[in-house]
There are 2 protein chains.
Amino acid sequence: MAAPATRKYGGLSASQRQSSRRTRLVEAGLDVLGARGLSNMTMTAVCARAGLTERYFYESFRSLDELLVAMFDAFSVPTHEAIDAALKQAPADLFERCRAAAGALIDSLTDDPRKARAYVEAISSTPLHERRAATMRAYAEVLAEQMRLLSGLEADHYRAPLRLITTMLVGGLAEAVSEWLNGMLKLSKDEVADEASRLCVAAAEALSRSKTTSTAS
Amino acid sequence: MAAPATRKYGGLSASQRQSSRRTRLVEAGLDVLGARGLSNMTMTAVCARAGLTERYFYESFRSLDELLVAMFDAFSVPTHEAIDAALKQAPADLFERCRAAAGALIDSLTDDPRKARAYVEAISSTPLHERRAATMRAYAEVLAEQMRLLSGLEADHYRAPLRLITTMLVGGLAEAVSEWLNGMLKLSKDEVADEASRLCVAAAEALSRSKTTSTAS
DNA sequence: TCATATTGACAGGATGGTCTGTCAGATACT
DNA sequence: AGTATCTGACAGACCATCCTGTCAATATGA
């Protein structure tokens with residue numbers, strides 16, 4: 001009985017239309033999450049906001065959690081790219097590189113007010129919490145890499161402590177940004193990035209000092 | 001019509017019985033949260049676990065969120081007390097005091113396996129997230145106090161940066177403990193506490209160095 | 001032993017959200 | 001224009017949970 005059909009519509013192919021709907025749902029999700037909070041973010045509300053029927057929800061996502069993950073990626077991926085780009089341009093100095101990365105992170109997170117709200121609210125979702133943990137681990141690894149390269153922490157016995165320290169620094173920055181977004185920290189963007197980067201440098205120095213017995217290679 | 005009645009039952013007064021039920025609900029909440037996760041923690045499940053009818057749930061709590069907050073307090077209060085006690089005994093040295101506090105925190109969190117699970121899961125709840133934020137602020141303030149006293153950071157212009165740094169350190173420790181509980185960090189309890197405390201000392205030193213121009217009092 | 005408080009069990013309505021199905025109207029290909 | 005596809009609107013079944021009410025069984029004090 002002929003091909004399973006796939007016709008142009010509104011000048012768009014079937015897959016274009018589908019991915020456009022998906023995008024609309026993700027955007028609507030950000031709107032709803034920002035405006036009404038996570039507990040009021042239901043499929044019904046998201047679909048209404050997107051101007052789509054619930055039927056189309058299942059076309060792109062199997063559950064709200066899947067949408068949540070897609071929303072997270074929608075702003076965590078660009079953020080990650082911004083950080084990568086900033087790092088590529090920064091000079092080979094630990095403080096400068098931390099500054100560049102932290103600045104890129106904060107800028108990326110604050111360029112869309114919805115992101116800020118989502119970033120804070122998002123933690124209150126179990127699947128997102130896991131996603132967030134994975135992202136944090138990745139950032140911690142990037143930071144560890146920088147420290148290894150720029151502070152001579154190559155030795156193997158640094159691995160575990162370095163991992164702990166970078167986890168703390170990255171987690172700490174996340175917490176600080178969260179507090180800053182809530183208006184609890186009376187500092188400018190730049191000051192936040194500055195202080196955080198200084199702490200990274202101090203941490204690297206402390207680490208290289210603490211095991212000084214076997215580092216004079 | 002006599003008095004509104006209040007009779008002993010099982011050797012307990014009315015208020016004793018009520019508070020006992022409340023305790024049972026909190027305990028059951030910890031069990032359910034630990035065993036089945038936050039999304040499966042419903043009133044029905046908690047009541048079943050507690051061996052109480054849903055009617056009694058409303059006697060002590062108006063909503064699941066209220067129970068969640070009570071559960072949080074049930075282990076955050078003892079933890080806070082443990083930290084206070086540890087700080088009282090510790091010598092007047094920043095590293096030692098950080099070590100004592102961090103050790104007390106970790107010990108308190110790991111003495112009951114349910115706490116650990118709850119600590120990780122708990123973040124995925126909006127009301128708890130706020131509670132957590134308040135607790136973190138309190139811990140950050142305690143740490144800031146220690147730094148001020150023991151590292152000569154009394155000057156007023158330290159306030160904002162110090163607050164940022166302590167927020168990062170406390171938030172970082174929380175993240176690290178969370179990762180450690182997940183088995184992502186191959187370190188012993190003591191090593192975690194040691195490294196974290198060392199980072200606190202390094203942070204204090206960096207802070208006092210960075211504004212050295214006006215500190216030579 | 002009797003009366004009354006207290007309890008646990010259960011029933012069931014109310015609510016809110018998830019899904020699936022139908023259908024008329026709009027759009028595009030021939 | 002005619003036909004087939006695609007779309008959005010709606011209806012409503014289904015389900016889980018919340019929450020309240022009733023009631024018999026039990027424990028207590030008099």
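Per chain, numbering begins at 1; letters A, B, ... match sequence-line order. Values below: every heavy atom of this structure, side chains too, minus hydrogens, waters and symmetry copies. None of the values given here were measured: they were computed from a predicted structure.
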Between atom [atom1] in [X] and atom [atom2] in [N], what is the gap in whole Å?
X        : N       : atom1 : atom2 : answer
Phe57(B) : dG21(D) : CZ    : C1'   : 19 Å
Arg49(B) : dG8(C)  : CZ    : P     : 16 Å
Glu59(A) : dG21(C) : CD    : P     : 16 Å
Lys8(A)  : dA28(C) : NZ    : P     : 10 Å
Leu52(B) : dC18(D) : CG    : C1'   : 17 Å

Answer yes or no: is there a side-chain heavy-atom contact under 4.5 Å between [X] and [Y]?
X         : Y         : answer
Glu179(B) : Leu164(A) : no
Phe61(A)  : Met43(A)  : no
Leu30(B)  : Lys115(B) : no

In terms of side-chain geometry, is the basic nitrogen of Asp31(B) or Arg36(B) positioned less than 4.0 Å from the acidic oxygen of its partner? no

Using distance alone, with no hydrogens and no angle criterion, decide if Thr44(A) and Glu54(A) have a side-chain donor and acceptor under 3.5 Å apart. yes

Nearest 0.5 Å, please: how far is [atom2] in [Y] from [atom1] in [X]?
X         : Y         : atom1 : atom2 : value
Glu195(A) : Arg163(B) : CD    : CZ    : 14.5 Å
Ile165(A) : Cys200(A) : CD1   : SG    : 10.5 Å
Glu121(B) : Leu33(B)  : CD    : CG    : 5.5 Å

Heavy atoms under 4.0 Å, any strand shown: does Arg55(A) hit a base, just sugar-phosphate, or nothing? base

So what does Tyr56(B) touch, heavy atoms closer than 4.0 Å: a base, only the sugar-phosphate, or nothing? base

Nearest-neighbour nucleotide for the Thr53(A) side chain, dG8(D), dT26(D), dG8(C) considered: dG8(D)

Looking at dA26(C), does its base get a donor-acceptor pair with the side chain of Tyr9(A) below 3.5 Å? yes

Going by modelled atom types, is there a donor-acceptor pair between the base of dT6(C) and the side chain of Arg7(B) at under 3.5 Å? no

When you compare the protein's N or O atoms with those of nucleotides 16-18 of chain C, which come within less than 3.5 Å of each other, and at what distance?
| unit_1 | atom_1 | unit_2 | atom_2 | d |
| --- | --- | --- | --- | --- |
| dT18(C) | OP2 | Met43(A) | N | 3.2 |

If you compare every side-chain N and O of Arg17(B) against the phosphate oxygens of dT7(C) (OP1, OP2), does one of them come in below 4.0 Å? yes

In residues 20-31 of chain B, what residues come within less than 4.0 Å of DNA chain D, judged by heavy atoms? none

Judged by atom type as modelled, is there a donor-acceptor pair below 3.5 Å linking the side chain of Asp112(A) to the main-chain atoms of Arg114(A)? yes

